[in-house]
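Reviewing the structure listed below.
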Number of protein chains: 2
Amino acid sequence: MGSSDVREGEEVTAVARMTRQRAALLDAIDDQEEFRSAQEIHRELQQRGEKVGLATVYRGLQRLAGTGDVDTVKTGEGENLYRRCATREHHHHLVCRVCGRAEEIDGPTVEEWARTTGEAYGFADITHEVELFGTCAACRGSASVSVRQGSSPDS
Amino acid sequence: MGSSDVREGEEVTAVARMTRQRAALLDAIDDQEEFRSAQEIHRELQQRGEKVGLATVYRGLQRLAGTGDVDTVKTGEGENLYRRCATREHHHHLVCRVCGRAEEIDGPTVEEWARTTGEAYGFADITHEVELFGTCAACRGSASVSVRQGSSPDS
DNA sequence: ACCCTTAATGAGAATGGTTCTGATTACTGA
DNA sequence: TCAGTAATCAGAACCATTCTCATTAAGGGT
């Protein structure tokens with residue numbers, strides 16, 4: 001487990017043993033601007049001819065998410081999507097339901113709202129889950145393809 | 001399928017055939033102030049001596065959620081929680097990670113923020129997913145029991 | 001009260017994403 | 001080079017939820 005590694009993250013890679021499959025995973029992630037599910041990333045790797053197990057992809061993404069090297073969002077269906085992280089700071093996402101492209105948005109407004117609202121009700125250790133889903137300008141025109149459900153028309 | 005029923009919902013029940021198991025489900029829900037998972041509700045029914053199938057509980061909750069008679073929130077683990085709904089209007093929740101008790105909160109602030117932020121990026125049909133999790137005052141003191149994960153310390 | 005249509009139910013199988021298992025492989029520091 | 005052990009792999013296990021389809025029963029019509 002933990003021993004001596006990681007000091008001042010600046011390389012997305014860093015830490016732990018660099019194996020062929022981990023390198024492949026990092027490559028794949030670096031090449032993708034959009035949010036992808038673990039399954040999709042695994043499929044992508046196979047198509048590239050990389051032999052990487054599904055479990056390994058999950059583990060890798062998990063670790064990367066843990067170190068803050070990749071961002072994650074949950075779709076309304078309880079599936080996790082990943083993509084490389086631009087900033088390490090706390091932020092939320094505006095994800096396109098169609099193409100999966102996402103904008104990272106910071107919301108001092110929501111942060112503040114979440115905290116004060118929670119405290120107003122006497123709750124502590126407030127965490128918030130905030131994701132926005134929509135249809136981006138590019139996808140607006142083109143005919144629909146497989147639409148990724150972000151959330152029901154409510155909530 | 002659809003024919004003549006439902007006009008102006010005012011009774012939580014209304015519509016469709018009132019079966020023994022549906023009545024039992026409605027009862028169980030009426031008695032619970034906190035958010036419960038379908039599995040928990042099913043278990044509860046069994047303990048009451050009601051013989052109701054798991055699938056039926058899921059179907060029932062689904063319908064109730066559809067008609068807006070029950071509220072739902074998703075835990076970070078992709079499990080759905082239900083409880084009877086106080087208001088039919090759009091709102092969010094502040095859920096206690098420990099006991100499941102929840103406050104319904106309205107957030108003109110977030111609503112507005114979500115809409116404007118989304119539009120600022122050229123996205124349309126914006127929907128938002130917002131849930132707050134925390135530890136309520138009552139649970140703060142008592143020793144921990146099974147803690148229901150609401151979300152990771154981030155997001 | 002009795003029928004008949006058809007919604008509702010139940011038991012279990014199926015799904016699908018994710019995690020775990022146990023054996024095997026292969027980094028990496030010494 | 002070698003040992004120690006992290007990482008990998010294939011597939012089983014998990015678990016919440018959904019589906020299948022034969023069976024049951026609500027409830028409007030008569």
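As a basis for the values below, the full set of heavy atoms in this structure was taken, side chains included, without hydrogen atoms, waters or symmetry mates.
- We find that CD of A:E79 is positioned 9 Å from C1' of C:dG16, with the value rounded to whole Å.
- Regarding A:E40, its CD atom lies at a distance of 14 Å from the P atom of C:dG16, rounded to whole Å.
- B:I41 approaches B:Y82 most closely through the heavy-atom pair CD1-CB, 4.5 Å.
- Between the side chain of A:R48 and the main chain of A:A24, no donor-acceptor pair closer than 3.5 Å is present.
- Between B:Q21 atom CD and C:dA11 atom C1' the separation is 14 Å, expressed in whole Å.
- At whole-Å resolution of the value, CD in A:Q39 and P in C:dG17 are 5 Å apart.
- The NE2-P distance, from A:H42 to C:dG16, rounds to 17 Å in whole Å.
- Note that CG of A:L94 and CD1 of B:I126 are 5.5 Å apart. Values are rounded to the nearest 0.5 Å.
- If one axis is set at each end of the helix from C:dA1-D:dT30 to C:dA30-D:dT1 from five pairs, those axes are 30° apart, to 10°.
- Distances shown here put a side-chain N or O of A:T56 below 4.0 Å from the OP1 or OP2 atom of D:dC9.
- Rounding to whole angstrom units, CE of residue B:M18 and C1' of D:dG27 are separated by 13 Å.
- In this structure, B:T19 does not reach the D:dA26 phosphate: none of its side-chain N or O atoms is under 4.0 Å from OP1 or OP2.
- Salt bridge status for A:R43 with A:E40: absent, with no side-chain N to carboxylate O gap under 4.0 Å.
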Name the pairs: protein N/O against N/O of nucleotides 19-24 of chain C, kept only if under 3.5 Å.
| residue | atom | partner | partner atom | Å |
| --- | --- | --- | --- | --- |
| C:dT19 | OP2 | A:Q62 | OE1 | 3.1 |

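- Across every non-hydrogen atom of A:F35 and A:D71, the tightest pair is CE2-O, 3.7 Å.
- Within the 4.0 Å cut-off from OP1 or OP2 of C:dT9, at least one side-chain nitrogen or oxygen of B:R22 is found.
- Side chain of B:R83 to main chain of B:E33: a donor-acceptor pair is present (N/O by atom type, distance under 3.5 Å, no hydrogens or angles).
- Taking NE2 from A:H128 and NE2 from A:H92, the interatomic distance works out to 3.0 Å, rounded to the nearest 0.5 Å.
- Rounded to the nearest 0.5 angstrom, B:R20 CZ and B:E50 CD are separated by 6.0 Å.
- Residue B:K74 places no side-chain N or O under 4.0 Å from the OP1 or OP2 atom of D:dT17.
- C:dT18 atom C1' lies 16 Å from atom CZ of A:R63, rounded to whole Å.
- The CZ-P distance, from A:R36 to C:dG17, rounds to 15 Å in whole Å.
- Between A:R17 and the phosphate of C:dG29, there is no side-chain N or O to OP1/OP2 separation shorter than 4.0 Å.
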List the atom pairs, with distances to 0.1 Å, where a side-chain N or O of residues 53-63 of chain B and a protein N or O form a donor-acceptor pair under 3.5 Å, not counting sequence neighbours.
| residue | atom | partner | partner atom | Å |
| --- | --- | --- | --- | --- |
| B:T56 | OG1 | B:R59 | NH2 | 3.3 |
| B:Y58 | OH | B:Q39 | NE2 | 3.1 |

